[in-house]
Amino acid sequence: MSDKYQDKDKKTKDQPTDLLEKAKEVLNNNYQNGHTIPAEGLYPHQWLWDSCFVAIGLAHYDVERAKMEILNLLKGQWSNGMVPHMIFADGFRHRQDRELWRSYSSPYAPDGVATSGITQPPLLAEAVVRIGKKLPKDERQAWYRKVYPHLVKYHKWLYRDRDPKNEGLVLLIHPWETGLDSTPPWMSELRQNHTATWVWVVKKLKLDKVINKIRRDTRFVPPGQRLSTLDALLVFNLLRRLRHKSYSNTKIMKSKLPKIEDAGFNAIFIRANTHLEHIAKTIGRELPQSLQNDIKHTEKAYEELWSDAANQYFNFNINTGNPIQIPAIGTLLALYSGKISKEHAEKLVEQIKNPEKYGTKFPIPSVPRNSEWFQDHRYWQGPTWINTNWLIADGLARYGYKDEAAHIRETSLRLVEKAGFYEYFSPLDSSPAGAHNFSWTAALTIDFLNQ
Ligand code: 9WN
């Protein structure tokens with residue numbers, strides 16, 4: 001046999017055949033200096049909720065690496081408590097990305113670690129507890145003791161800076177904080193109330209086609225699977241305005257920047273608070289009284305986002321004093337919070353099952369099928385994502401909807417098996433889109449396979 005064929009044989013033999021092994025391979029290939037990048041090329045840095053999902057997967061077979069993933073994330077924590085949504089990779093190649101944010105302009109940013117200046121869904125406590133469950137009792141206690149002060153500081157920051165009027169819900173200032181970047185409630189708000197003059201000029205002169213040529217993301221993913229250039233400019237413009245204020249909360253709160261109580265983010269925060277209470281109890285600590293009060297307040301205030309007419313939770317726009325009545329997957333994350341009423345949970349489940357809404361062949365679409373926004377491959381405006389499936393399935397199971405949770409788990413695994421470890425998928429025909437060999441898809445596949 002010639003060498004050429006021997007090599008081919010070897011390759012086939014060494015290639016993992018089983019989904020679990022393939023998922024581990026994705027996480028191994030995306031490992032870089034103590035953390036896991038979401039995907040080669042498009043996402044070369046560390047992201048907050050991505051690393052939490054990654055740690056949840058890793059905990060099943062490499063608990064030390066799972067801990068390291070979280071500890072690496074905490075190296076980026078600001079002295080005011082904020083955990084930033086991104087920690088930038090070192091090196092000349094990434095200088096431009098770091099300079100885009102210039103986190104060093106804030107007195108709270110850590111020395112020697114370049115980060116973004118906003119946060120992302122607070123999944124840290126979930127990841128910490130999932131890791132804890134894999135450890136023997138004494139190691140679990142030590143692990144919780146180590147991360148507890150960071151978590152308390154982070155949750156206190158969310159209340160102090162992001163709920164300045166003590167309304168119970170935290171507000172977000174940039175769509176990237178939702179993790180559901182281009183979700184319709186946010187994009188509609190940006191288009192309506194935050195179109196800067198220069199973006200308007202770009203639109204009028206149809207310069208977006210020129211700008212499209214220098215976009216970084218569309219070098220890796222077809223433009224139809226990402227934000228339109230005009231929408232991307234709106235998002236970028238907000239970043240520019242935040243940077244201009246050196247991320248000062250006092251300045252941001254006084255400004256006209258978006259301020260939105262996001263249904264998805266607050267649902268994840270409620271669950272994180274529950275986990276934090278559990279962690280405190282396990283190590284015999286008592287949460288600060290003010291935090292305990294805030295936590296109770298949030299659970300009650302969350303129900304104010306509910307619309308009886310639409311049978312769902314809507315984001316609330318603090319600037320206009322009105323709810324943003326545009327359906328999107330954030331509403332279903334309420335199930336993950338574990339604190340909504342059984343009646344409201346049932347109403348959401350009805351929508352998950354309804355083929356006109358979220359009950360597509362490959363659920364759960366990021367906007368309902370009958371929404372005017374729906375496009376099956378457009379980033380957060382239609383496709384199915386494995387992370388939102390995982391969060392919703394977890395919530396459904398805790399509410400006793402075992403069959404519905406199992407259905408989401410099974411269809412998620414089928415998607416990955418059929419199409420590969422992609423970032424997102426068409427909810428109609430399962431075709432893949434976005435980045436390939438995407439870490440949280442692999443990590444949550446590992447978790448689903450272990451359930
Ligand atoms: C901006 C990394 C991140 C995810 C987000 C997802 C996307 C970034 C981008 O990728 O956002 O933060 O470049 O669009 O929307 O949820 O954390 O995977």
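Note that ligands are numbered from 1 as they come in the structure, with each ligand's atoms numbered from 1 the same way.
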Just need the protein heavy atom nearest to atom 7 (C) of ligand 1, so name the residue and atom and give the distance.
Tyr379 OH, 3.1 Å
Checking contacts here: is it the side chain or the backbone of His85 that comes within 4.0 Å of ligand 1, counting heavy atoms only? Could be both or neither.
side chain
To check your reading of the model: name the closest protein heavy atom to atom 16 (O) of ligand 1, its residue, and the distance in Å.
Gly179 O, 2.6 Å
Number the atoms of ligand 1 from 1 as they appear, then name those within less than 4.0 Å of a heavy atom of Phe438, with their elements.
18 (O)
State whether Arg130 and Glu126 are salt-bridged, where the test is any N-O pair (Lys NZ or Arg NE/NH1/NH2 against Asp/Glu carboxylate O) under 4.0 Å.
yes
Are Trp440 and Phe53 close enough that their ring centres sit under 6.0 Å apart?
yes
Distance-only polar pair, side chains of Trp49 and Asn387, donor-acceptor under 3.5 Å
no
Identified side chain to side chain contact (heavy atoms under 4.5 Å, CB included) counterpart of Ile70 within the set Ile131, Val54, Leu58
Ile131
Please check if the distance between the ring centroids of Tyr159 and Phe269 is under 6.0 Å.
yes
Is Trp440 in polar range of ligand 1, meaning some N or O pair under 3.5 Å apart?
no
Contact (N/O only, under 3.5 Å) between Trp380 and ligand 1:
yes
Ligand 1 N/O within reach of Pro38 N/O, cut-off under 3.5 Å
no
Looking at the rings of Trp47 and His35, which for Trp means the six-membered one, are their centres under 6.0 Å apart?
no
Flag Gln120 as yes when one of its N or O atoms lies below 3.5 Å from any N or O atom of ligand 1, and as no otherwise.
yes
Please say whether the positively charged group of Lys24, taken as NZ for Lys or CZ for Arg, lies over the ring of Tyr61, i.e. under 6.0 angstrom from the six-membered ring centre and within 45 degrees of the axis.
yes
When only distance counts, is Trp47 in polar contact with ligand 1, meaning an N/O pair under 3.5 Å?
yes
Show me which atoms of ligand 1 lie under 4.0 Å from any heavy atom of Trp49.
4 (C), 5 (C), 16 (O), 17 (O)
Tell me which protein heavy atom sits closest to atom 10 (O) of ligand 1, plus the residue, atom name and distance to 0.1 Å.
Tyr43 CE2, 3.2 Å
Indicate whether the side chain of Asn72 and that of Gln46 have a donor and an acceptor atom separated by less than 3.5 Å.
yes
Can you pull out the closest protein heavy atom to atom 1 (C) of ligand 1? Residue, atom name and distance to 0.1 Å, please.
Asp181 OD2, 3.3 Å
Nearest to atom 17 (O) of ligand 1, what protein heavy atom do you find, and at what distance?
Asp50 OD1, 2.5 Å
Counting only heavy atoms closer than 4.0 Å, does ligand 1 sit against the backbone of Arg216, its side chain, both, or neither?
neither
Quick check, are the ring centers of Phe88 and His45 under 6.0 angstrom apart?
yes
